[in-house]
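Here's the structure we're looking at; comments come further down.
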Amino acid sequence: MTDKKTHRSVSDYYLLGKTGLRVSPLCLGTMTFGTEWGFGSDAATARAVFVRYLEAGGNFVDTADGYTNGHSEELLGQFIAETGSRDRVVLATKFTFNSDPANPNGGGNGRKNIYRALEGSLRRLKTDTIDLYWLHVWDGVTPLAEVVATLSDLVKAGKIRHYGLSDTPAWYLTRAETVAELRGLEPVAALQLEYSLIERNIEREHVPAALAMNIGICPWSPLGSGLLSGKYRRSGTSGEGEGRLQTMKSSTNAVFQKFTPRNWQVVEVLQEVAAKVERPAAQVALNWITKRPAVTSSIIGATSVRQLDENLGALDFEIPAELSAKLDAVSRPELVFPYTFFHPSRLALVTGGMQIAAEPPWFRER
Ligand SMILES: NC(=O)c1ccc[n+]([C@@H]2O[C@H](COP(=O)([O-])OP(=O)(O)OC[C@H]3O[C@@H](n4cnc5c(N)ncnc54)[C@H](OP(=O)(O)O)[C@@H]3O)[C@@H](O)[C@H]2O)c1
């Protein structure tokens, strides 16, 4: 097991939160396995990416029942079977997406849907257990006690090994962990959230919560869907280039709307830093995210082996402190209420000026 500051490759493994699960610092995301969503890759390319990731020493793969309408899970299940890698791979998938718009229990986080979704995932993935089962998105309605009890039951039954929460409010995470702890149920292993140099809003609540409860964060879209590779050009108030953000430009889904004035400022500084350290922008952006507090494993995507190779090379260098400070400064989230009250300059009102030992790291930068 290695320290985050000194890791050098995808085969330096870390414990995920307070579990005994050892995972690579870069997890392979497979949302791009299959072309059904308009921006993925065909089966042969997806297979080559998967095999290359394993050869490099990676052991952590992420999918979801809904990705490319189930094709991602099918391809992954096939590749794992063909390479005989099921024992080595830490296999993660997700439930929540609706499979049948006419069925109100065909999606969401209720017990009925979790059991339905899990059976489908096990079948497509050709396995009898999931190593890490994610709640994909908070559904806003299912009683939390039902979610935690169901996932704990599945751990006891051996159908899943651990569970995590993706795209939930921080209060929901802390309540889930507290309910689990007080009722002697399975703890939350990990959090999966959008986190990158262009999306740092989770630093307000989720990161301090994860640190306080020793829960590992797995950032998704660490390259901002490709923007932080530096391959897109600014064009008026928008942008252009080749890749997902171009293909999905007309989509109303906010995750594809990355060509904003603020994001272009971040890209500009990123490219300056990349030139100074003589590394591709993608490696600098990934290096930055892997060193953030509470981050255990960042979920990367690649539509070619070339992209994957570039991204796997993101770990074996240090960004000098003065350049890292520039990246922090340009990408820092706005300081808003009530966090203004917790700023060290205001905390003197509480402490009389005495140093507080346990300041959250988020505030230390300000
Ligand atoms: N929980 C959730 O709600 C959620 C949401 C989204 C994703 N995820 C997970 O996170 C994973 C990663 O998300 P993501 O794919 O958005 O991650 P990302 O790393 O931000 O973007 C990956 C995309 O950027 C482009 N790219 C990657 N490396 C590149 C390089 N070196 N040079 C140029 N372009 C490069 C490729 O797209 P193009 O070739 O098309 O440009 C690639 O598919 C997903 O597979 C999924 O497992 C989870």
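Predicted, not measured: the structure shown is a model, and the values here were computed from it. Each ligand, and each atom within it, is numbered from 1 in the order the structure gives. Here, residue 1 is the first one in the sequence, and each next residue gets the next number.
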Neighbour list for ligand 1 [protein residues, heavy atom under 4.0 Å]: G29, T30, M31, T32, D62, Y67, K94, H136, S166, D167, Q192, W220, S221, P222, L223, G224, S225, G226, S229, K231, Y232, G243, R244, A282, I299, I300, G301, A302, T303, R306, Q307, E310, N311
Check: N105 side chain, N113 main-chain N or O, donor-acceptor pair, under 3.5 Å: no
Test item: Q257 side-chain N/O and S251 main-chain N/O as donor-acceptor pair under 3.5 Å: yes
Test item: R200 side-chain N/O and D328 main-chain N/O as donor-acceptor pair under 3.5 Å: yes
Qualifying residues under side-chain contact (heavy atoms from CB on, under 4.5 Å), relative to R52, sequence neighbours excluded: E55, A56, V305, L308, D309
Trace of the ring-ring contact (aromatic ring centres under 6.0 Å, His included) decision for F39 with F256: CA-CA 11 Å; F39 57 84; F256 302 118; 5.6 Å; yes
Audit row: Y163, L132, side chain to side chain contact (heavy atoms under 4.5 Å, CB included) steps and yes/no: CA-CA 5 Å; Y163 72 91; L132 177 60; 5.6 Å; no
